[in-house]
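Since the structure comes first, as structure tokens, the remarks are kept for the end.
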Amino acid sequence: MNKNPGFYSVTEKSFYPRNSIEEDLNALIVGSLKKNFGLKQEIVEIEYPSDRKFGDYSCNISMKLTRILKRDPIEIANILVEDIRGSDYISRVEIKRPGFINIFLDNKYLIDQLRFIGEQYGKDTVAYKRKIITDISHPNAAKPLGVHHLLSTIIGNSINNILKYVGHEVIRDSYWGDWGTQFGKLIYAYKSFGDKDKIKDDPIPELLNIYVEFHNRAEEDPSLDDKARYEFKKLEDGDKENVELWGWIVKLSKDEFFKLYKRLGIVFDYYYGESFYLPLIDDLVIEGKKKNVFIEGEEGALVVEFKDIPTCPVVKSDGTSLYHTRDIARIKYWLKKESPDEMVYVVDAAQKLHFIQLFEISKMLGLSSCKYRHASFGRMRFKDKSMSTRKGNILLMEEVLNESVSKAEKIIEEKQSSVSDKQRLAEVIGIGAVKYSILSQNRTTDIVFDWDRMLAFDGNSSLYIQYTYTRVCSIIRKSEGVKGYKETVDILDIERDLIVSLIRMPRVVLRASKEYCPHIICNYIYEVCQLVNSYYNSCHVLNEKDLDTRGFRVSLLKSVITVIKIVMDLLQIELPEKM
RNA sequence: GCCCGCGUAGCUCAGGGGAUAGAGCAGAAGCCUUCUAAGCUUAAGGUCGCAGGUUCGAUUCCUGCCGCGGGUACCA
């Protein structure tokens with residue numbers, strides 16, 4: 001059993017992209033294992049060696065089999081290598097102590113692979129397609145989008161893109177928080193000290209103000225929490241005034257969210273908030289009771305008890321619903337409507353217990369036809385611990401984006417860019433930087449917010465990728481009239497390395513899709529760009545005398561552009577052709 | 001208390017049981033008469049928290065300890 005439920009195991013089918021080199025190599029070795037040793041193993045690990053001198057691919061199977069076969073790994077490797085050697089696309093196979101099989105691909109074969117790198121490269125590589133419903137971003141209508149929302153929003157959106165690209169059917173449902181006790185607080189605050197005109201003028205900050213004010217007052221007078229719960233109770237019971245107020249607040253928030261989603265390039269297929277599932281809750285409660293899953297708890301609340309994890313309330317003592325209740329209703333709804341294979345929640349790690357409970361309850365209710373996954377990520381914290389919605393000094397998502405764009409503007413000014421639409425370029429660079437800084441890390445630990453890090457424009461950053469892209473675009477623009485090349489063209493080591501990197505892309509993307517980890521793609525494209533920049537510096541393309549070589553170089557760089565485009569699209573980061 | 005996660009270079013972080021643990025930033029030394037120097041090259045920087053265990057092989061898996069963070073019934 002894997003530690004992280006998002007991680008695949010080596011026994012899983014569909015381990016390699018369909019029609020990939022890895023799939024071929026795997027079949028070759030698996031066939032040899034069967035022929036020589038009668039083994040039925042279907043997957044062997046084809047690895048990328050730490051150093052290219054150890055081959056383009058390597059396999060460790062002979063060491064893994066030493067105990068099972070009770071033979072020396074070198075001896076096993078020798079037998080396997082006899083079969084591998086015969087393939088025309090492999091130029092050389094080496095055995096290295098303590099038993100690695102290192103495989104080198106033939107140069108002509110590698111050059112030929114460039115043909116396949118087109119707009120669809122690495123697409124639909126998954127062997128078993130699934131229908132997946134995702135929950136990302138989850139903004140809360142009672143509060144503005146803070147910088148911490150960027151994690152689930154940006155990572156989740158990229159996960160949606162990646163899952164789709166490799167061939168899954170993805171239903172992007174924006175399950176957003178438009179219901180819950182926080183509305184009771186907001187409604188109470190509005191009624192007792194809210195200023196309607198102020199809210200109309202500048203809704204989002206003013207709603208936050210009264211929300212914060214409520215918490216300040218509640219600290220002095222804890223009875224306010226009960227009053228807020230009472231307002232929520234009235235709302236859930238359909239009180240006309242409260243429902244109207246709620247609708248108004250939700251509308252204001254929704255407009256705000258959409259504005260930001262548009263700026264980030266994020267779209268959904270459905271926008272069903274929590275309130276959408278309310279009509280299903282009565283039946284759910286009846287069913288839960290009937291199945292003895294929902295049982296009477298303290299003070300008349302309904303709870304679910306488990307063997308090893310804390311008890312979880314599903315209906316409050318005053319009869320109102322909870323986050324869990326609406327979440328279960330949502331699962332019921334979608335299972336009936338779409339029969340998905342999987343439901344994915346891209347939510348921070350602090351909510352782990354919530355999801356363990358939710359998934360467990362779903363199974364107890366018989367909702368087990370689908371696989372549930374909490375793709376968890378770290379929370380964003382601040383050096384100053386008082387940064388929270390309740391305290392009010394929240395850092396808004398929009399502020400961060402604006403700050404990044406204005407930093408980008410300054411850089412564009414410094415570099416004396418000749419681009420005509422500098423504002424547009426600043427937006428592309430600024431937003432890209434924020435996205436990349438979030439996407440490139442894989443921490444389940446909390447992330448401490450840091451401006452320098454969030455707005456990184458050096459080293460492993462989106463700007464580096466974007467700059468590489470524009471440099472290559474520039475060469476391609478000037479390469480008109482450059483002809484093709486003969487397949488016998490001689491290539492340099494660095495060109496060979498570059499091709500080997502490019503053809504790894506399908507597997508990298510597939511792996512990112514299996515682990516729900518976009519950062520794998522960031523690491524990959526950064527490495528590719530490092531190679532490209534190094535190449536750019538050491539070889540000239542357009543001045544190259546040899547026509548074949550020049551043709552090949554242009555063609556190679558076109559493939560580079562294609563790969564950068566595809567993966568940056570998966571990360572939802574725009575690429576400028578000029579900077 | 002119990003449960004979960006994390007601890008890798010001065011800082012921020014990659015690292016799929018595999019070969020000499022890698023990047024960026026900061027600091028040091030170089031490279032623009034050639035396709036965008038927003039770049040490239042080189043050197044320096046490590047007890048992979050500590051101690052055991054499993055394994056041909058452990059930064060990676062297991063156990064214990066230490067440190068940090070999160071969660072722990074009517075918040076989401």
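- For A:D446, counting side-chain heavy atoms from C-beta on, the closest listed nucleotide (B:G5, B:G16, B:G69) is B:G69.
- Separation of the P atoms belonging to B:A37 and B:G5 is 48 Å when rounded to the nearest angstrom.
- Between A:S58 and A:R326, the residue anchored closer to the 5' end of RNA chain B is A:S58, taking for each the nucleotide with the nearest heavy atom.
- OP1 or OP2 of B:C13 lies within a sub-4.0 Å distance of a side-chain N or O belonging to A:R453.
- Atoms CD (A:E515) and P (B:G15) sit 9 Å apart, rounded to a whole Å.
- Across B:G45 and B:A21, the matching P atoms stand 13 Å from one another, rounded to whole Å.
- Taking a pair to require two hydrogen-bonding distances under 3.5 Å in either a Watson-Crick or a G-U wobble arrangement, B:G39 pairs with B:C31.
- Among the nucleotides B:G5, B:G71, B:A19, the one closest to the side chain of A:T444 is B:G5.
- A:Q182 contributes no side-chain N or O that forms a donor-acceptor pair with the base of B:A76 under 3.5 Å.
- Taking the side chain of A:P98 as heavy atoms from C-beta on, and the options B:A19, B:G16, B:G18, the nearest nucleotide is B:G18.
- The aromatic rings of A:W179 and A:W246 sit perpendicular, their planes meeting at an angle over 60°, well past the 30° parallel limit.
- Closest approach to the A:N60 side chain among B:A19, B:G18, B:C13 is made by B:G18 (side chain taken as heavy atoms from C-beta onward).
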Query - Protein-to-nucleotide contact annotation, 5' to 3' order, nucleotides 35-43 of chain B [B base; S sugar-phosphate only; - none; under 4.0 Å, heavy atom] - result: BBSBBSS--
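- In this entry the distance linking CZ of A:R67 with C1' of B:U54 reads 9 Å, nearest Å.
- With its glycosidic angle within 90° of 0, B:C32 adopts the syn conformation.
- Taking for each of A:G180 and A:N523 the nucleotide of RNA chain B with the nearest heavy atom, the 5'-most of the two is the partner of A:N523.
- Note: A:Y175 and A:Y277 have perpendicular aromatic rings, judged against thresholds of 30 and 60 degrees for the angle between ring planes.
- In this structure, B:G67 forms a base pair with B:C6, meeting either the Watson-Crick or the G-U wobble geometry with both donor-acceptor distances under 3.5 Å.
- Rounded to the nearest 0.5 angstrom, A:L145 CG and A:L150 CG are separated by 8.5 Å.
- Here the separation of B:A38 from B:U72, taken at their P atoms, is 50 Å to the nearest Å.
- Nucleotides B:A19 and B:G57, compared at atom C1', are 10 Å apart to the nearest Å.
- Dashed line: the shortest gap from a side-chain N or O of A:T445 to OP1 or OP2 of B:G69 is not under 4.0 Å.
- Ion pairing of A:K234 with A:E236 is absent here, as no side-chain N (NZ or NE/NH1/NH2) approaches a carboxylate O to less than 4.0 Å.
- Checked options A:K185, A:K316, A:K227, A:Q182; the residue passing with A:F232 is A:K316 (criterion: side chain to side chain contact (heavy atoms under 4.5 Å, CB included)).
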